[in-house]
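Both counts, for ligands and for their atoms, begin at 1 and track the order of listing. Not measured: the values here are computed from a predicted model.
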Amino acid sequence: MPALDSQIAIAVIGAGAMGSGIAQVAAQAGHPVFLHDQREGAAEAGRASIAKQLQRRVDQGKMEQPALDALINRIQPVSALAEVASAGLVIEAIVENLDIKRGLLSNLEDLCGDDTILATNTSSISITALGAQMKRPQRLVGMHFFNPAPLMALVEVVLGLATDKTVAETVHATASNWGKKPVYATSTPGFIVNRVARPFYAESLRLVQEQAADPATLDALMREAGNFRMGAFELTDLIGHDVNYAVTNSVFNAYFQDSRFLPSLIQQELVEAGRLGRKNGQGFYSYRDGDERPAPQTEPDCDSTEQVVIAEGDLGPAQALVERLREAGLTVIERDGTGQLRFGQAVLALTDGRMATERAAVDGIANLVLFDLAFDYRKAGRLALAAADQTSARALQDACALLQKAGIAVSRIADRPGLVVMRTVAMLANEAADAHLQGVATVADIDLAMQAGLNYPKGPLSWSDRLGNGRVFTVLNHIQNSYGEDRYRPALLLRKNHFANKGFYA
Ligand SMILES: NC(=O)c1ccc[n+]([C@@H]2O[C@H](COP(=O)([O-])OP(=O)(O)OC[C@H]3O[C@@H](n4cnc5c(N)ncnc54)[C@H](O)[C@@H]3O)[C@@H](O)[C@H]2O)c1
């Protein structure tokens, strides 16, 4: 279906944070825009805030004044809902409440033409439920922008049970014309992003609860090893714990309390304490003037005069580490084996989801030290290590020294299953795999959504493929065995792909 022509008027209902941003996006694409809010003066204030934002771009020489003036002139605040009747697409971004949204949609149906597309920016309400009482539910579609709408590229185009496919296609093509990256999703709780992202927060919270490491260390590992823009604690401090906890609870309850989505007691306690994050000065970190963020745990210089590393077998996704060690001036001797590095007394291996203590005992490896997944071992600035209880202090020193010689900061964490980045990526891929199996979205759209909506360094399904067929499945199997919890059950598709020896993109 073709996109809506830029001559066609767009109406935005609700001139709050999202509505104003969406109005700006539509006006930037050349559409006349009606902006309506039931609160007196809110639509004018919305337009004024857009003008103020864009004036900065003019002042920086990034936009011409006439272009700004023309854009602002295209946005028309309207005080009566009836004034939006001629719009070809109406996007509602009012309060997140089913009954209020239903009331608005019913009024819009009476006011607008039969062909008008009605779109909702809801984050959490079912499109099917919103359409249930409509006369023309086939004309209703989710158009889920991310905050701030002018900056975030992702738009989830969400189809309810009754949504006409051609309506969704028109909205998809229009969002694309507006410079966005649209993806299709079926109306299921959390759509794509708010569902698939849950483990990003949940696994870090769980690791803190189990005293694997402190928030600053886990954040640093997710950034410096995982290549994520932010770790879970700094990000939830920014989002606000009330908001993030509410989304987690809503998804948890919407999936009938599936333990995959279990909320965290740690986050609940922050909310109860009123430590909501940056917005009120205290979350996991303090944001009061003069307070500094605690430093991540970093091992001091680990001495070792050893210069020879023995690389045994294929290290899989960590193979690039061998090259990095060689470039750092170490002598690397390669020989057959099961994917381990020997240095001094230490035997280092990439986590396979088991605790080091268990793996050392079951596989009969003395002095085992596990290291975490890195997005790119050639560039990682930091890596987590976890030693088995049986491992000698000398062996741990050697393992630490080896990474330090390659210029990698070492954070030593307690021995828990799957370390930090590996465990998080495995659980993200797990959720993505289930979302795909359940028909929520295509593999490519899920990956695009996680990258465009949350700036992940890679989509979780293509990341899973990059780790090698079956690896995420094995890691999750081991984590599930360790905890005996349903939460870590591997998704059926991961299991199937493992036995078919293929990836999601194969
Ligand atoms: N804030 C986010 O990060 C975000 C991201 C994506 C989607 N959303 C969704 O977007 C919608 C709006 O969120 P927001 O953060 O912009 O909220 P907001 O509180 O900033 O703005 C909502 C606006 O809607 C107006 N309003 C309420 N009821 C109305 C009605 N019946 N008719 C006309 N105007 C009405 C309010 O006066 C207010 O100005 C919600 O559905 C929310 O779930 C929010």
Side-chain angles (χ1 to χ4, degrees), residues 11-26 33-50 53 75 77-85 87 90-112 118-127 129-130 140-158 175 180 182-183 185 187 189-195 197 235-236 238-251 254 276-279 449 452-455:
V12 180
I13 317 295
M18 294 307 294
S20 298
I22 296 166
Q24 179 183 329
V25 171
V33 178
F34 301 121
L35 183 57
H36 170 77
D37 198 292
Q38 69 173 18
R39 202 161 31 92
E40 215 183 300
E44 286 77 7
R47 186 169 79 154
S49 84
I50 298 168
Q53 295 270 339
I75 302 176
V78 294
S79 52
L81 190 63
E83 292 177 79
V84 310
V90 183
I91 306 168
E92 75 78 15
I94 66 165
V95 59
E96 188 76 342
N97 175 295
L98 175 67
D99 290 334
I100 300 177
K101 282 193 195 285
R102 275 180 168 166
L104 172 69
L105 290 168
S106 158
N107 289 341
L108 286 169
E109 276 198 302
D110 291 341
L111 291 168
C112 300
L118 300 181
T120 168
N121 186 47
T122 181
S123 305
S124 63
I125 302 175
S126 152
I127 309 304
L130 283 171
L140 178 71
V141 63
M143 196 174 186
H144 187 213
F145 288 83
F146 288 72
N147 193 12
L151 295 184
M152 298 302 292
L154 182 66
V155 176
E156 291 177 327
V157 177
V158 188
K180 297 297 177 192
V183 294
S187 181
F191 310 140
I192 302 173
V193 167
N194 280 339
R195 170 188 182 165
L235 182 54
T236 47
L238 182 67
I239 294 169
H241 290 285
D242 49 346
V243 173
N244 188 263
Y245 182 65
V247 175
T248 301
N249 268 294
S250 142
V251 172
L276 303 183
R278 270 177 193 268
K279 62 184 167 193
L454 294 173
N455 295 315

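- Listed here is the closest heavy atom pair of Ala93 and Ile22: CB-CD1, 4.4 Å.
- Considering backbone and side-chain atoms together, Gln38 places an N or O closer than 3.5 Å to an N or O of ligand 1.
- Below 4.0 Å from some heavy atom of Lys101 lie the following atoms of ligand 1, by number and element: 40 (C), 41 (O).
- The atoms of ligand 1 that sit less than 4.0 Å from any heavy atom of Gly14 are 24 (O).
- Side chain of Arg47 to backbone of Pro77: no donor-acceptor contact under 3.5 angstrom is found.
- Of the polar atoms of Leu104, none of the N or O atoms is found under 3.5 Å from an N or O of ligand 1, judged by distance alone.
- By heavy-atom distance, the residue among Val95, Ile91, Asn121, Thr122 lying nearest atom 10 (O) of ligand 1 is Asn121.
- Taking both residues in full, the closest heavy atoms of Asp37 and Ala43 are given as CB-N, 4.1 Å, listed atom of the first, atom of the second, then distance.
- Per-atom contact check: atom 28 (N) of ligand 1 touches the protein, criterion being a heavy-atom distance below 4.0 Å.
- Listed by atom number, the atoms of ligand 1 under 4.0 Å from His144 heavy atoms are 6 (C), 7 (C).
- Looking from atom 21 (O) of ligand 1 to the surrounding protein, the closest heavy atom is Gly16 CA, 3.3 Å.
- Within the structure, the closest approach of Ala93 to ligand 1 falls below 4.0 Å when heavy atoms are considered.
- With atom 40 (C) of ligand 1 as the reference point, the heavy atom nearest to it among Ile125, Ile94, Ile22, Ile239 is part of Ile94.
- Counting protein heavy atoms only, atom 6 (C) of ligand 1 is closest to Phe145 O, 3.2 Å.
- Not a single heavy atom of Phe146 sits closer than 4.0 Å to an atom of ligand 1.
- To the nearest 0.5 Å, the span separating NE2 on His144 from OG1 on Thr122 amounts to 7.0 Å.
- Here the CD-NE2 distance, from Glu83 to His36, works out to 9.0 Å after rounding to the nearest 0.5 Å.
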CA sep, side-chain torsions, deciding dist, call: Leu81, Leu104, side chain to side chain contact (heavy atoms under 4.5 Å, CB included): CA-CA 9 Å; Leu81 190 63; Leu104 172 69; 3.8 Å; yes
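- Considering all non-hydrogen atoms of both residues, Ala149 and Gly21 come closest at CB-C, 3.8 Å.
- In this structure, CD in Glu156 is found 7.0 Å from CG in Asn194, a value given to the nearest 0.5 Å.
- Here Gln38 contributes atom CD and Ile100 contributes atom CD1; the two are 7.5 Å apart, rounded to the nearest 0.5 Å.
- Nearest-heavy-atom check against atom 42 (C) of ligand 1 across Glu96, Met143, Met18 picks out Glu96.
- For atom 19 (O) of ligand 1, no protein heavy-atom neighbour is present inside the 4.0 Å cut-off.
- Across Val12, Asp37, Ile13, heavy-atom proximity to atom 25 (C) of ligand 1 is greatest for Asp37.
- Of all protein heavy atoms, the one closest to atom 7 (C) of ligand 1 is Ser123 OG, 3.0 Å.
- For the residue pair His241 and Thr236, the shortest heavy atom distance occurs at CE1-OG1, 3.1 Å.
- Heavy atoms only, all atoms of each residue included: Asn121 and Met143 are closest at OD1-O, 3.1 Å.
- Using 4.0 Å as the threshold, Glu92 has no heavy atom nearer than that to any atom of ligand 1.
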